[in-house]
Amino acid sequence: MQDPTIDEEEYAKKYGFKSNVEYIYKPEKGLSERIIRAISNEKHEPEWMLEKRLEAYKIYREKPMPRWGIDLSRIDFEDFYYYLKPTEKKANSWEEVPEEIKDAFEKLGVPEAERKFFAGTEAQFDSEVIYGNVKKTLSEQGVIFTDIDSALKEYPEIVKKYFGSVIAPSDNKFAALNTAVWSGGSFVYVPKGVKVRLPLQAYFRINSYEFGQFERTLIIADEGSDVTYLEGCTAPIYTKSSLHAAVVEVIAKEGAHVRYVTVQNWSKNVYNLVTQRAHAEKNARLEWIDVNLGGRGNMKYPAVLLKGENASAEILSVSLAGNGQVQDTGGKLYHLAPNTKSKFISKSVSSGDGNTIARFLVHIGKEAANAAVYTKCDAMLIDEDSKASTFPYLENRRSDALQAHEASIGKISKEAVEYIMSRGISEDDAKAMVIFGFINDLVQGLPMDYLLELRRLVKLNIERKVA
Amino acid sequence: MKYLEIAKKAKKELEKLAEEPNPLYARNSLSMEMKSEAAEQGMLSALASEIGNLDLITNGEYTKKNGNVEIKEIDSEIDYNFLFGNESKYIAYVRANTSKLIFLKADPGERKKVRLLIGGNVQVISILEERANLEVEEFVVGRSVGIINEINASKSSNAKINIAYLSDNALGFYKGVCGEGSQVEVNSFIGGNFKSSNNLVCNGSRSMASINNIIIGAGNKIDITNSIISKAPSSLSSMKTKVIGAAASTILIKDYSLIERGARGADAYISARGISLGNSRIEAIPSMTTNEIDVKASHNASIAPLKEEAIEYFMSRGISEKEAKKLLLKGFVEDLLINFSSEELIRKEAEKALKNILG
């Protein structure tokens, strides 16, 4: 396999950069009970959170590494800093944000995006949220959009009630790891009946050598509310593997609608092992739009537990794997109540020696009368060395359930590429257009600037491969 | 080499072996009882006259009717490389409990039809020389039976294996290799409790492997893993399963198609369709891996109850509800039924099974 850092130069210029930030607090590498106590102490956390962390650490140590999915043997879990804090003080306005960090966000277009589209911005730099701004209208509506550390101090009862209620540390090894060492992440609470018209947005970055980022996001949409949450990642480039093991918990109460959008573009040395899960109560609607572009190895299966009658869910998953990348992505849908409906659609594109694996599970439980499920996964291969797999698990405990699934794997249409080229467009552009056409219907839900960035990234992927 | 040694080894390893040969499906696997209970002689003779035209009848006792079949003792020297190893404990169990080996050989260019009535543990090894054409029909009956089939298809040969599992409990496994331009087709009709894992490999270019299953479960536990590996250019693979599940049946269908690098122009297709009646549970995992760009691969699956509208349509034409259901279910399996060499016999069995379900 090609060294992923070599053809990254152009990428580094365009999207990757490394800011020289002095770290005020810097514990040693590796993980121990002492470090977990230090993290909790540093954050002045309540006792119950420390207990949760220590309990999770025990589970983390006991759980074996998953034997399926991507190759995790290259990760040395003792070689990471598990907690770093870039600035002591939380900035309130853009002017107060340190210059170096500002520079990093300017390159990402955060303030620009905020002005144009977004209601509020949470930009995470390493472990702590250093810049946070909730628009006045939102606070007037009673919407809470803050970093989770602040939420733990300001709304301890809500956090205590819901933290870990959707994803227990015992769920999987990396959820346990996250629970033990989590730091930063977003907290969203939307009150009853409130419709948040503009999407809430958060950027996450990894900006430290050999540093694992373990953010924790908790979203609670109260009865009849409506919210869209956007999460986009890009990361600077390093030579050693970085680890990103986040946990995202979403609770959609009766009649609520939550749309969670991720555009993941970690640099190609990051292992992305994320647990995302949502509870959908009666009449609630949950949407995951999951776009995976970056990372060396990615294991991510957003899940929805349809717990209430008439709840519905949709998972749209887009994965692009270029040279040296494995995108093991998909979703899980659990039908646990009557008249629940769900849809899973995935589109994967493999170029170079990239490998995409679409893995998903649909479970129709005994209680789920009249459940209906539609699933589809399509994969496109661009080059000789490209690989693709699909693993759909359709579990059914009901005889009245309707379940339909289709899938296909095929190469990029030569005719389409040639046709576009005959109109005077270069081969790379033509390929990028065909790829974009392939994933287009799934990414329609993204805001315009995300779509533009996605277009650029698809093209860059093709160009880099040729170079 | 003597088969006896293999059987001894299988017996020794048995306890340590996994339930599922493929770790991908470890989570989705049904446990089955391992026992051998041969069919009674009286029952065999009755069935033999019903089916007719048999080459071999066996329930541990072997009644050979003609020279189409070659029977080898397990302690005799055998010059053959077995396709199966001890991949799972069920496979090892059948291997350990094989008392004789049945060889079906088709010489170059030869056309051959063989009919077997099986009421005990057996291994059937089909060897097709170049351009040979072999059609095998196996009727599996009795209480608890284990069957292993190995199919070796040389260049341009054509093998068609039809297996009707009519026993209460069966462990049934097959493996096959397809040489250049050869065709291997295995049709299975499954009633009763059943555990199976099967694999065909397209070794030669333009080879064709197809697996067709009709499953009618009435309160049964059925667990089938099928896989086809496409190794050679322009090879075709197809796996089609139609399932009717009734009366608290649990039916798992796991299909896996792997297209290896170099299998240019390969075409792989998987289809798993189920109709669930009553309290049954049908699960499907139609998975696929492609390591070659120049291929066509697709799969589909659907699990649903019978369409109310369709039943009502029939009823509006004066057909009773029961009859309407029966017609719909018969129609559902019809496209796979016609693949069987003795279509009529299988149709009769399917009707019997449907009558069981619908009353």
Side-chain angles (χ1 to χ4, degrees), chain A residues 66-69 330 348-366 369-414, chain B residues 23-28 243-262 264 266-308:
Chain A
R67 263 179 236 119
W68 52 279
S348 325
V349 180
S350 316
S351 63
D353 67 0
N355 187 3
T356 57
I357 297 142
R359 202 187 293 271
F360 71 91
L361 170 79
V362 176
H363 178 92
I364 296 174
K366 281 202 179 77
N370 304 314
V373 184
Y374 174 72
T375 54
K376 180 179 166 76
C377 31
D378 288 336
M380 188 190 261
L381 304 169
I382 309 296
D383 296 295
E384 297 277 311
D385 296 322
S386 311
K387 298 177 193 75
S389 297
T390 61
F391 297 113
Y393 292 75
L394 310 175
E395 299 183 353
N396 193 355
R397 305 284 144 97
R398 294 281 313 186
S399 58
D400 57 1
L402 274 175
Q403 225 176 29
H405 165 73
E406 41 186 323
S408 71
I409 304 176
K411 68 172 169 183
I412 189 165
S413 158
K414 215 174 138 193
Chain B
L24 264 179
Y25 306 128
R27 217 181 91 93
N28 306 70
V243 185
I244 297 170
S249 299
T250 301
I251 302 168
L252 308 185
I253 312 296
K254 294 156 281 182
D255 294 317
Y256 182 55
S257 159
L258 168 65
I259 302 178
E260 289 195 351
R261 184 80 196 266
R264 289 199 151 267
D267 189 323
Y269 177 73
I270 302 175
S271 166
R273 294 175 167 277
I275 291 182
S276 49
L277 305 166
N279 203 9
S280 62
R281 165 184 160 203
I282 304 173
E283 301 188 0
I285 310 177
S287 354
M288 218 162 223
T289 294
T290 306
N291 296 332
E292 167 63 51
I293 176 173
D294 198 9
V295 298
K296 244 168 80 182
S298 65
H299 55 87
N300 64 61
S302 68
I303 303 159
L306 270 179
K307 254 194 181 153
E308 286 296 328

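Residue numbers begin at 1 in each chain, while the letters A, B, ... track the order of the sequences.
Distance CG/A:L394 to CG/B:L252: 11.5 Å, rounded to 0.5 Å. The CD1 atom of A:I409 sits 7.0 Å away from atom CD1 of B:I259, with the distance rounded to the nearest 0.5 Å. Atom CZ of A:R359 is separated from atom CD1 of B:I285 by 11.0 Å, given to the nearest 0.5 angstrom. Taking CG of A:L402 as the reference point, atom OG of B:S302 lies at 9.5 Å (rounded to 0.5 Å). Distance check, rounded to the nearest 0.5 Å: CD1 of A:I382 to CD1 of B:I293 gives 7.0 Å. To the nearest 0.5 Å, atom SG of residue A:C377 and atom CE of residue B:M288 are 10.0 Å apart.
The pair B:E292-A:K411 does not meet the salt-bridge criterion, since no charged nitrogen lies less than 4.0 angstrom from a carboxylate oxygen. Ion pairing between a basic and an acidic side chain is recognised when a charged N comes within 4.0 Å of a carboxylate O; B:R281 and A:E395 show no such pairing.
The choice from B:I275, B:V295, B:N28 that makes the most heavy-atom pairs within less than 4.5 Å of chain A is B:N28. For chain A, the option among B:A304, B:S298, B:A297, B:G278 with the highest count of heavy-atom pairs below 4.5 Å is B:A297. Of the residues considered (B:R273, B:H299, B:K254, B:R261), B:H299 shows the highest number of contacts with chain A, using heavy-atom pairs under 4.5 Å. The choice from A:D400, A:L381, A:I364 that makes the most heavy-atom pairs within less than 4.5 Å of chain B is A:L381.
Neither the backbone nor the side chain of B:Y269 comes within contact range of chain A; no heavy atom of the residue lies under 4.5 Å from a heavy atom of that chain. At a 4.5 Å heavy-atom cutoff, the contact between A:L361 and chain B is made by side-chain atoms alone. Neither the backbone nor the side chain of A:D378 comes within less than 4.5 Å of any heavy atom in chain B. If you measure heavy-atom distances from A:R397 to chain B, the contacts under 4.5 Å come from both the backbone and the side chain. Residue B:N291 touches chain A through both its backbone and its side chain, counting heavy-atom pairs closer than 4.5 Å. At a 4.5 Å heavy-atom cutoff, the contact between A:S386 and chain B is made by backbone atoms alone. Residue contact with chain A, scored on non-hydrogen atoms closer than 4.5 Å, involves the backbone and the side chain of B:I303 alike.
Side-chain atoms of B:S276 come within 3.5 Å of backbone atoms of A:S399 as a donor-acceptor pair (strictly under, hydrogens ignored).
Side chains of A:H405 and B:N300 form no contact here, defined as non-hydrogen atoms less than 4.5 Å apart. Under the 4.5 Å side-chain criterion, counting only non-hydrogen atoms from C-beta, B:K296 is not in contact with A:S408.
Smallest separation of non-hydrogen atoms from A:P392 and B:S287: CD-CA, 3.9 Å. Nearest approach of B:P305 to A:A401, heavy atoms of both residues: CD-O, 3.3 Å.
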Could you go through B:T289 and A:K387, starting from their C-alpha distance and side-chain angles, then the distance that decides it, and tell me whether this counts as side chain to side chain contact (heavy atoms under 4.5 Å, CB included)? CA-CA 7 Å; B:T289 294; A:K387 298 177 193 75; 5.9 Å; no

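For B:N279, the CG atom counts as loosely surrounded, since its 6.0 Å shell holds 12 or fewer non-hydrogen atoms of other residues, nucleotides or ligands.
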